[in-house]
Number of protein chains: 2
Amino acid sequence: MTTEETARTGAEPQAEQEHDVFAQLCPSREMFAELADKWSLLILMSLSACGPQRFSELQRGVGGVSRKMLTQSLRNLERSGLVLRTVFPETPPRVVYDLRPLGRELAELVAPLGHWTERRARQMLAAREEFDAAHPEGSR
Amino acid sequence: MTTEETARTGAEPQAEQEHDVFAQLCPSREMFAELADKWSLLILMSLSACGPQRFSELQRGVGGVSRKMLTQSLRNLERSGLVLRTVFPETPPRVVYDLRPLGRELAELVAPLGHWTERRARQMLAAREEFDAAHPEGSR
DNA sequence: CGGCATCCGCCAAGATACTG
DNA sequence: CAGTATCTTGGCGGATGCCG
């Protein structure tokens, strides 16, 4: 029996405080749900790839993100200890975001995911066309 | 200049058909956006950790997922060539989902992300409490 | 510049009931 | 069992405007 299976057949849901992303009400699931979204992952990847960046740099870097979503996602990442926000009290003010050790750890796991997607995108698109051709809408 | 930066300062957006998840309208971004969601990632992790599973097994395995979202996410994964859906024409019918090579590749990148979240959940929760304590709501 | 507040459309996602 | 169909709604996420 693997570690995963052990966790999921789990004896005590919280006796030893084991975390299990598969469990609906486990704290780790809540964290996972917050991290597992488009913008958060792209922000982590951008900070990891390009180093510390200002708000507007991030907005340009992560194509299509609105100021609102960027602010929200950054706030979440900051709140969870993944990202450090530094304000330089100049005029105009300058705000720089950077990865904290925890965030850098995560970013190094996320980056491969992005690269994989880029490498395999074409293949997945081809699979789609084939699938769509085989299922002319409304079969099944 | 890193590979990432090269891609993002990108000379030709589509000349060499380079894919860039940071670009809003790049196909790879579309794929990334579909994969980078809670349910899809958890399904991939479940299939990777526990092997081929039936619909209802998956629903039990991935805590809190509704039949609708499970169906939708599985359909997407199948459509993109990541997951294989096999119907055994019995009564009652049996449908088994399994990873295809492409999906297995991805799942092996995603699994570490889940494990990391479980390992660091406590730490992130602590960071949150500290953050929330330092920002008693409505500061800034 | 780097936000926060507000309004709002619209789609994701839950609940429920029905089918093969 | 493994879905599909329909309805409803919460909240994601965009647009805009104001502030420090």
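Basis for what follows: all heavy atoms, side chains included, without hydrogens, waters or symmetry-related copies. As the structure is a prediction and not an experimental result, all values here were calculated from the model. Here is how names work: the chains are called A, B, and so on, in the same order as the sequence lines, proteins then strands, and each is numbered from 1.
Atom CD of A:Gln53 and atom C1' of C:dG2 are 15 Å apart (whole Å). Here the P atom of nucleotide C:dC1 and the CG atom of A:Leu70 are 15 Å apart, to the nearest Å. Note: CG (A:Leu74) to P (C:dG2) measures 11 Å, nearest angstrom. For B:Phe55 and C:dG20, the CZ to C1' distance is 15 Å, given to the nearest whole Å. As a whole-Å value, the separation of B:Arg75 CZ from D:dA5 C1' is 14 Å. For the pair B:Gln72 CD and C:dA15 C1', the computed distance is 15 Å after rounding to whole Å. Atom-to-atom, CH2 of B:Trp39 to P of C:dC11 comes out at 22 Å; the value is rounded to the nearest Å. As a whole-Å value, the separation of B:Asp37 CG from D:dG13 P is 11 Å.
Between B:Ser66 and C:dG14 there is a side-chain polar atom (N or O) within less than 4.0 angstrom of OP1 or OP2. Under 4.0 angstrom from either OP1 or OP2 of D:dT16 there lies no side-chain N or O belonging to A:Arg67. For the OP1/OP2 pair of C:dG2 and a distance below 4.0 Å, the side-chain nitrogens and oxygens of A:Arg54 include at least one atom meeting the criterion. Contact annotation: A:Ser56 side-chain N/O to C:dC1 OP1/OP2 distance is not under 4.0 Å. Remark: A:Arg85 is in phosphate contact with C:dG3, judged by side-chain N or O atoms under 4.0 Å from OP1 or OP2.
Side-chain contact check for B:Ser80 and B:Glu34: no donor-acceptor pair (N or O, by modelled atom type) lies under 3.5 Å.
The A:Pro93 side chain lies nearest to C:dC1 when the options are D:dG3, C:dG3, C:dC1. Of the candidate nucleotides C:dA13, C:dG3, D:dG13, D:dG13 has the atom nearest to the side chain of A:Met69.
Salt bridge present: B:Glu78 and B:Arg75 bring a charged side-chain N and a carboxylate O closer than 4.0 Å.
Nucleotides of DNA chain C nearest to B:Lys68 and A:Val96 differ in position, and the one nearer the 5' end is that of A:Val96.
Here the rule is side chain to side chain contact (heavy atoms under 4.5 Å, CB included) with B:Val83, and of B:Asp98, B:Asn76, B:Leu99 only B:Leu99 fits it.
When all heavy atoms of B:Ser73 and B:Ile43 are compared, the closest pair comes out as CB-CD1, 3.5 Å.
At a threshold of 4.0 angstrom between heavy atoms, the contacts of A:Arg94 with the nucleic acid are absent. Using a 4.0 Å heavy-atom cutoff across all strands shown, B:Tyr97 reaches sugar-phosphate atoms only and no base atom.
No donor-acceptor pair under 3.5 Å is formed between the side chain of A:Arg29 and the backbone N or O of B:Gly64.
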